[in-house]
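Have a look at the structure below before the remarks.
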Amino acid sequence: QVQLVESGGGLVQAGGSLRLSCAASGSIFSINAMPWYRQAPGKQRELVAAITSGDSTNYADSVKGRFTISGDNAKNSAYLQMNSLKPEDTAVYYCNAQIRDGLGISRTYWGQGTQVIVSS
């Protein structure tokens, strides 16, 4: 089974930066997209940013100009650079990937989540 492992979360003061990493491993034929989601306390999980195999990107309005998503196809990895962090960015961040495995079956996989806390 495919696994997603993410890292890079932590505690940071407002205005600071963090870089999240997500690496996929296992029987992978292709990856269609690797989006990042987040879930704040008492809130619904929301899409933050996404990158496709063609390197097109999408961002939530709340993070445009502050966050940058990038990928490394050779490493089956995606990264989320978060700058000018605000207390409103506090959440558990989840990596997600739509992956076609060696049998040709497409499935969605989730990372374990990494906590980001932004203090004021």
Side-chain angles (χ1 to χ4, degrees):
Q1 184 173 333
V2 172
Q3 287 187 315
L4 299 182
V5 178
E6 55 187 294
S7 61
L11 175 65
V12 65
Q13 63 180 317
S17 299
L18 287 172
R19 181 177 172 87
L20 305 184
S21 299
C22 178
S25 63
S27 182
I28 299 171
F29 180 79
S30 63
I31 300 176
N32 182 56
M34 293 189 72
W36 286 90
Y37 291 80
R38 68 185 181 187
Q39 188 165 19
K43 300 291 185 68
Q44 297 285 341
R45 186 171 300 184
E46 65 175 347
L47 177 66
V48 178
I51 186 167
T52 70
S53 60
D55 289 335
S56 64
T57 58
N58 293 282
Y59 298 93
D61 288 341
S62 60
V63 306
K64 286 181 179 178
R66 299 189 298 120
F67 291 10
T68 302
I69 190 169
S70 61
D72 186 334
N73 291 330
K75 297 181 179 180
N76 291 325
S77 299
Y79 310 93
L80 186 67
Q81 179 68 46
M82 305 186 294
N83 298 327
S84 301
L85 283 163
K86 304 175 181 179
E88 303 95 285
D89 296 318
T90 295
V92 177
Y93 285 70
Y94 296 92
C95 178
N96 174 272
Q98 187 176 44
I99 296 173
R100 187 179 299 276
D101 63 19
L103 297 178
I105 300 173
S106 293
R107 300 184 188 277
T108 297
Y109 299 87
W110 291 91
Q112 80 281 6
T114 184
Q115 177 73 65
V116 172
I117 300 175
V118 184
S119 65
S120 58

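Keep in mind that what you see is a predicted model, and the values were worked out from it rather than measured. What you see below is based on every heavy atom in this structure, not just the backbone, and it leaves out hydrogens, waters and symmetry mates. If you read the sequence from its start, that first residue is 1, and numbering goes on from there.
In the hydrophobic cluster analysis, where Ile, Leu, Val, Met, Phe, Trp and Tyr join through side-chain heavy atoms closer than 4.5 angstrom, Phe67 is grouped apart from Tyr79. Residues Tyr37 and Val48 do not share a hydrophobic cluster, clusters being chains of Ile/Leu/Val/Met/Phe/Trp/Tyr side chains in contact below 4.5 Å. Residues Val12 and Met82 share a single hydrophobic cluster, defined by chaining ILVMFWY side chains whose heavy atoms lie under 4.5 Å apart. Linking Ile, Leu, Val, Met, Phe, Trp and Tyr residues whenever their side-chain heavy atoms come within less than 4.5 Å leaves Val63 and Val92 in two separate clusters.
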Next item on the list: Test side-chain contact (heavy atoms from CB on, under 4.5 Å) on Leu20 and Val116 and set out the steps.
Entry: CA-CA 10 Å; Leu20 305 184; Val116 172; 4.3 Å; yes
Checklist line | Residues Tyr94, Leu4; criterion side-chain contact (heavy atoms from CB on, under 4.5 Å); working and verdict | finding: CA-CA 10 Å; Tyr94 296 92; Leu4 299 182; over 6 Å; no
Check: Do Asn96 and Trp110 pass the side-chain contact (heavy atoms from CB on, under 4.5 Å) test, and can you show the C-alpha distance, the side-chain angles, and the key distance before you say yes or no?
Finding: CA-CA 5 Å; Asn96 174 272; Trp110 291 91; 3.3 Å; yes
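For the atom pair OH of Tyr93 and CD of Gln39, the computed distance is 12.0 Å after rounding to the nearest 0.5 Å. The structure places OG of Ser56 at 7.5 Å from CD1 of Ile51, a figure rounded to the nearest 0.5 Å. The structure places CG of Asn83 at 7.5 Å from CG of Leu85, a figure rounded to the nearest 0.5 Å. To the nearest 0.5 Å, atoms SG (Cys95) and CE (Met34) are separated by 4.0 Å. Rounded to the nearest 0.5 Å, atoms OG (Ser53) and CZ (Arg100) are 11.0 Å apart. From Ser27, atom OG reaches atom CG of Leu103 across 6.5 Å, with rounding to the nearest 0.5 Å.
By the neighbour-count criterion of 12 heavy atoms within 6.0 Å, atom CZ of Arg19 is densely surrounded, having more than that number from other residues, nucleotides or ligands. The 12-atom threshold is exceeded at CD of Gln115, counting heavy atoms of other residues, nucleotides or ligands nearer than 6.0 Å. Around atom CD of Glu46, more than 12 heavy atoms belonging to other residues, nucleotides or ligands sit under 6.0 Å away.
Counting only distance, with no hydrogens or angles, the side chain of Tyr59 and the backbone of Gly65 share no donor-acceptor pair below 3.5 Å. Checked by atom type and distance alone, the side chain of Arg66 pairs as donor or acceptor with a backbone atom of Ser84 at under 3.5 Å. Under the 3.5 Å distance criterion, the side-chain polar atoms of Glu6 are matched with a main-chain donor or acceptor of Gly113. A donor-acceptor pair is defined here as one N or O able to donate and one able to accept, closer than 3.5 Å; no such pair exists between the side chain of Thr52 and the backbone of Ala33.
Remark: Lys64 engages Asp61 in a salt bridge, criterion side-chain N to carboxylate O under 4.0 Å.
Between Ser7 and Thr114 the shortest heavy-atom distance is C-OG1, 4.5 Å. In this structure, Ser120 and Pro87 approach most closely via the heavy-atom pair CB-CG, 3.9 Å. In this structure, Ile28 and Ile31 approach most closely via the heavy-atom pair CG2-CG1, 3.9 Å. The two atoms that bring Gly8 and Leu18 nearest to each other are O-CD2, 3.8 Å, heavy atoms only. Across Thr90 and Val118, no two heavy atoms sit closer than the pair OG1-N, 2.9 Å. For the residue pair Gln112 and Val5, the shortest heavy atom distance occurs at OE1-CA, 3.9 Å.
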